[in-house]
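Structure record follows, encoded as structure tokens.
So you know, we letter chains A, B, ... as the sequences are listed, proteins then strands, and number each from 1. Below, all heavy atoms of this structure are taken into account, side chains as well, without hydrogens, waters or symmetry copies.
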Amino acid sequence: MTTWTSPAISSMRLERPRSLAHALDLLEADRGLTPMAGCTDLYVGIHFGSLKQRRFLDLQPLASLRKIQKRPDGTLVLGALVTYSQCLDSPLVARALPMLASAAKEIGGVQIRNRGTLGGNLGNASPAGDTLPVFLAADATVVLASARGVRRVPISQFFLGYRKTARRHNELITEIEVPPIAGKQWFRKVGTRAANAISKVVAAGVRGEGITFALGAVAPVAMRAYAAECALGSALPLSEAHRALRSEITPIDDLRSTAAYRARTACALLTQFWSETR
Amino acid sequence: MRKILLRLRVNGAHHEVAVRPSATVLDVVRDTLHLTGTKRGCDMGTCGCCTVLVDGRARLGCLTLAAEVEGCEVRTIESLREGEQLHPLQSAFAECGAAQCGFCTPGFLMTCSALLSRTPTPTPEQVKDAISGNLCRCTGYTKMYEAIDRAAAQMRTEPAREPELSSREAVSGGSR
């Protein structure tokens, strides 16, 4: 029998925690331990050699992180291990955060949706992560737990740089809290093929009393377009909002698209958001 | 490397395997259990060739750790036909010419069987969405849509088929 094994994977070490407390103790004790959830990005990184870590903490045994709940104050609480399929099946998500359901529908095929997790999308912090604009537009809060306690970080302060987050090495993302949202929610992903392509540009927005608009893949981090929001909110002509948007994004040329296309598309998405949420 | 002992249920049979902690479901079904119908395509979650059912849902064997499916019911392409009787999806794929080189076919069949067991009368949109995670470079998909329609129609006229559950206890000492 010939057995094919990726040399990278065969050198992996895997910790399987018995409980959340156990997982947090393991993280506290070992700085080099990387949490893994659905592995949809992580395994690709290992195979391509772009991920140097070799010691992993498998979060799948932590069933308590798979829940979708609504608190009495209306806050939607999404566990870090909630999958995209769960989001699509959840009446709570459909009611409180339909733009998340829209995003989940465009992430991967069925198999990836059955596997990929919200906590993984946040923790991975790809600038093109499809749910990140949704949580930015929703003003969500990331709940981080460590053996020393719990810390709540507003999502606007969570992404620090390219694939860099506010999560410390001894912390786990346990939940995402989404406050009640008043207003129309909107989501759009632009890519070559919905199920198999990473976004060229992705955007989400809320239009109600306030206006929020967030974008992915136009800067090193997923970002709120505060200047564009401000222009829209002060009833300036759309061309002013476009100018504002172009001034705050920093798109790049890469294998998926060009900076020029991304800037133009970001403006087109802003126009579409504004006309479709009227 | 330290190995772990897993008790897995695959196609109704129990297996005890000793594997590396990082072994995937794909590694175990192909290399330890020698169920080679499940294909290793891209090994990065793009092509869908390694699709198996875990508790009835389509999952990628290449991105799922074997340790995670302990206590779950895993089904591979080998369990789809009943004895000599092909599953309606298999017959329909053959009749409609929905398989050409055949490498992606096991993955499509497993994805489609998950779809039809949850949604016996899928709309064209639902079919399209269900197979969006499986890539085929030969057929152009049109014949697959025909085959899935045909199989769905046939399955609706037949009494629901329960997968045959074998109580056979197979113990294999895997070397991975």
Val54(B) vs Val25(B), side-chain contact (heavy atoms from CB on, under 4.5 Å): CA-CA, chis, key distance, verdict = CA-CA 10 Å; Val54(B) 176; Val25(B) 169; 5.6 Å; no

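- One finds a salt bridge joining Glu68(B) and Arg59(B) here, because a Lys/Arg side-chain nitrogen approaches an Asp/Glu carboxylate oxygen to under 4.0 Å.
- By the side chain to side chain donor-acceptor pair (under 3.5 Å) test, Asn124(A) is found to be paired with Asp41(A), Arg163(A), residues two or more places apart in sequence or in another chain being considered.
- Heavy-atom proximity under 4.5 angstrom to chain B picks out Ser85(A), Asp89(A) from residues 81-91 of chain A.
- Per-residue heavy-atom pair counts under 4.5 Å with chain A were compared for Ala130(B), Ala67(B), Gly48(B), and the maximum is reached by Ala67(B).
- Heavy-atom distances place no part of Ile131(B) under 4.5 Å from chain A, backbone and side chain included.
- If you check the side chains of Arg81(B) and Gln90(B), you find no donor sitting under 3.5 Å from an acceptor.
- Scored by the side chain to side chain contact (heavy atoms under 4.5 Å, CB included) test, Lys67(A) finds Gln69(A) as partners (sequence neighbours excluded).
- Between Arg40(B) and Asp31(B) a salt bridge is recorded (basic side-chain N to carboxylate O distance below 4.0 Å).
- Judged purely by distance below 3.5 Å, without hydrogens or angles, the side chains of Gln111(A) and Thr51(B) pair a donor atom with an acceptor atom.
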request  = Start with the C-alpha gap between Phe159(A) and Leu122(A), add the side-chain angles, then the distance that decides, and say whether side-chain contact (heavy atoms from CB on, under 4.5 Å) holds.
outcome  = CA-CA 9 Å; Phe159(A) 304 109; Leu122(A) 288 171; 3.7 Å; yes

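- Residues Lys39(B) and Arg30(B) form a side-chain contact, since some pair of their non-hydrogen atoms from C-beta on lies under 4.5 Å apart.
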query = Hey, mind stepping through Thr131(A) and Phe187(A) against side-chain contact (heavy atoms from CB on, under 4.5 Å) and telling me if it holds?
reply = CA-CA 10 Å; Thr131(A) 67; Phe187(A) 174 86; over 6 Å; no

inquiry  = Applying side-chain contact (heavy atoms from CB on, under 4.5 Å) to Asp129(B) and Arg113(A), what does each step give before you reach the verdict?
reply    = CA-CA 11 Å; Asp129(B) 181 61; Arg113(A) 283 183 234 146; 2.8 Å; yes

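- With a threshold of 4.5 angstrom between heavy atoms, Cys42(B) does not approach chain A through any atom at all.
- Proximity to chain A among residues 102-117 of chain B is limited to Thr111(B), judged by heavy-atom separations below 4.5 angstrom.
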